[in-house]
Amino acid sequence: MTGTEDMAGTARDRPEDFLTVRDLRVHFPTDDGLVRAVDGVSFRLQRGRTLGIVGESGSGKSVASLAVMGLHSGGPARISGEIWLDGEELVGASAERVRRLRGAKMAMIFQDPLSAMHPFYTVGAQIIEAYRIHNDVRRSVARAHAIDLLARVGIPEPASRVDDYPHQFSGGMRQRAMIAMALSCDPELLIADEPTTALDVTVQAQILDLIRELQAEFHSAVIIITHDLGVVAELADDVLVMYAGKPVEYGSATDLFDLPQHPYTWGLLGSMPRLDRDRSERLLPIPGTPPSLITVPPGCAFHPRCGHTDAVGTACREKVPELTEVAPEHRIACHLGAAQRERIWRTEIAPKL
Amino acid sequence: MIVFIIRRLVGAVLLLFVVSAVTFSIFFVVPRLAGATAEDLASRYVGKTADEQQVRQMADKLGFHDPLVVQYGRFAKGIVAGADYDYGPAAEHCPAPCFGYSFLTQAPVWPDLLDRLPVTASLAAGASAIWLLAGVATGVISALRRGSIFDRAAMGVALAGVSLPIFFTGLLALGIFSYTLGVTAPGSSYTALAEDPAQWAYDLILPWITIAFLYAAGYARLTSSGMLETMSEDFIRTARAKGLPERTVVLKHGLRATLTPIVTIFGLDVGLLLGGAILTESTFSLNGIGRYAILAIGANDLPKVMGVTMVAAFFIVLANLVVDILYAVVDPRVRLT
Ligand SMILES: Nc1ncnc2c1ncn2[C@@H]1O[C@H](COP(=O)(O)OP(=O)(O)OP(=O)(O)O)[C@@H](O)[C@H]1O
Ligand code: SF4
Ligand SMILES: [Mg+2]
């Protein structure tokens, strides 16, 4: 694992990688123009490891994960790039083939468990359904399995709660049930798209604990999508920071939190709520708003909001920075030179965090 | 659930009383308020040749001089328990539900209605089955193939369906299919279901399709817009994420959610139709409740009109009751209290 890397900055083939995404692009043609929701994302993930994908709202996190699940098929999305799941390429695979993997080899948990569950079927029926699509078992066997799963994710009295409807569950229990549903076929890849955003704080921690526990138990690869760096710090081994559909920083969680290199990541860290600071000090929101994905700013998409363009000059506005390796297994997309980054981090950023 | 149903039943019965009071008012109170005397009302119950004396006697006998509450009590009792009429020499018992006797034929109204009911019910049953199936299927396909030729053609036909009056489509259909091509039964054909089911269906297929054409259009639009909305719901994404085949996603998850509001409208539409399909029955000369009502109104035969009104109201109230219960069955979030 040394220095030089290929263009997308990642993903040489490593046999131990369970999921490899290479130069993924998801574009939506709309009446207003082409929405480049995901534009050249690459990452890789091993079994038993967790990748955190962070970025502000609209940065393309959900769209990227739905692409991995093959959930754009039939829609208007134009997808290119490669998605290798356990040695099998999915972008070029038939929709039917990907469907068979969905729910079995890869599963997903969504943000709002109330709207993500069908209101007219019981929680049990929905788990049983998920299990029986991929496993040819009798209903009674599937039901017993569903009860086991509910118990496993911490639902009290699972044998009776299995017949409840989603609206009879609390928010936290619903998310547990969603997790049970996702785990019903022992998926090797679990994607959690903001699994705690809709829940209150105490429940959030419980759900994160549960995901961590289950991952240890099932040894699955996990992608956790969030705009909360706190969640990432707690769960992720690797972190991919996205801005306007593009990766801007990608590295191990340790590197990323110890020595973040990209101005956008600095901004995210600065705006992270910190309980050990005074209220006034701890929130330094990034000025401005994320750009439209139809008319992305030229050059570095972050330049209208970046406070360090002076140190670079016109390149920020003219040339798209490539994702390049700046330290072993640590890549960023920024024109700032290593010395400048080092200086800015040491003198301007680190003291404020 | 049981408590819920009982409560709704009691409510339905109370509602029927209200309806009967309103009906009673329309036929007996409003004319009085408009200046008609008890004798004016009674004059319709005796022959045109009757003198004043006879009319006054009749008014007495029918109790038109009594306080309104007493009159209504008698009216309601007739419906619930039957009534006894004392026509001087011959006393007559009119069994419940008694809506009185036809001015024209002197025959009690209720047996007439019982006679007509199977025709109307047959019409409603066949037509509603056709429009529900056709409308929902069309709507689903339109939604899934949005913008396709099928979608545009279906929605065009649907528009024609809702905007063309039934006597037009009905007569056109009769003209083409029955009288020109001879593939369907001519007007005024009706065979009882119990007698010959095949003939029953054959006789009614044209009126069924004519009614269904009118309703299917609305159901197609409703289903199509409902499906479009449902298919963008989060739980549809979840269903796909489980790896369900698209067919199952659409039919088990999408359609199931879309159908819920449609069930309500369907119940009410069928209820309304059971009270008589006036235009269709007239167009096809079928002796159902609707045609009965139209003929009675034309002949100013009040007891018949009243009878039809009450029967129609009964079906609408019943349909509401059934819909309420059904709604709670199809949507578990509706609490039965
Ligand atoms: N079907 C579509 N057609 C057009 N644009 C789309 C479509 N789906 C998503 N987008 C656009 O893609 C962009 C990225 O959306 P995405 O949902 O991935 O953001 P996100 O990073 O998950 O944000 P959030 O944190 O709010 O969930 C958004 O600007 C969105 O409007
Ligand atoms: S390339 Fe320029 S604008 Fe973009 S993050 Fe780096 S310094 Fe800021
Ligand atoms: Mg999202």
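Proteins get letters first, then strands, A, B, ... in listed order; numbering begins at 1 in each. Here the structure is a predicted model, which means the values were calculated and not measured.
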Hey, which residues of residues 207-216 of chain B are touching chain A, say heavy atoms under 4.5 Å apart?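 The residues closer than 4.5 Å to chain A amount to none at all.
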Contact summary for B:Pro332 and A:Pro119, nearest pair of heavy atoms: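 So the two residues come closest at CG-O, 3.4 Å.
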For B:Phe150, I'd like to know if atom CZ has over 12 heavy atoms of other residues, nucleotides or ligands within 6.0 Å.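 Atom CZ in B:Phe150 is packed in, count exceeds 12.
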Which one wins on heavy-atom pair count under 4.5 Å against chain B: A:Met108, A:Met106, A:Met181?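 The option with the most such pairs is A:Met181.
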Cross-interface N/O pairs, chain B with chain A, donor-acceptor, under 3.5 angstrom:
residue	atom	partner	partner atom	Å
B:Asp234	OD2	A:Ser115	OG	2.7
B:Phe235	N	A:Ser115	O	3.0
B:Thr238	OG1	A:Ala116	O	2.5
B:Arg240	O	A:Arg102	NE	2.7
B:Ala241	O	A:Gly103	N	3.3
B:Lys242	O	A:His134	NE2	2.8
B:Lys242	NZ	A:Gln126	O	3.0
B:Lys242	NZ	A:Glu129	OE1	2.7
B:Gly243	O	A:Arg99	NH1	2.7
B:Lys252	O	A:Tyr121	OH	2.7
B:Lys252	NZ	A:Glu129	OE2	2.9
B:His253	O	A:His118	NE2	2.8
B:His253	NE2	A:Glu129	OE1	2.9
B:His253	NE2	A:Glu129	OE2	2.9

Checking heavy atoms, do the side chain of [X], its backbone, both or neither come under 4.5 Å from chain B?
X: A:Ala130; result: both
X: A:Met117; result: backbone
X: A:Leu66; result: side chain

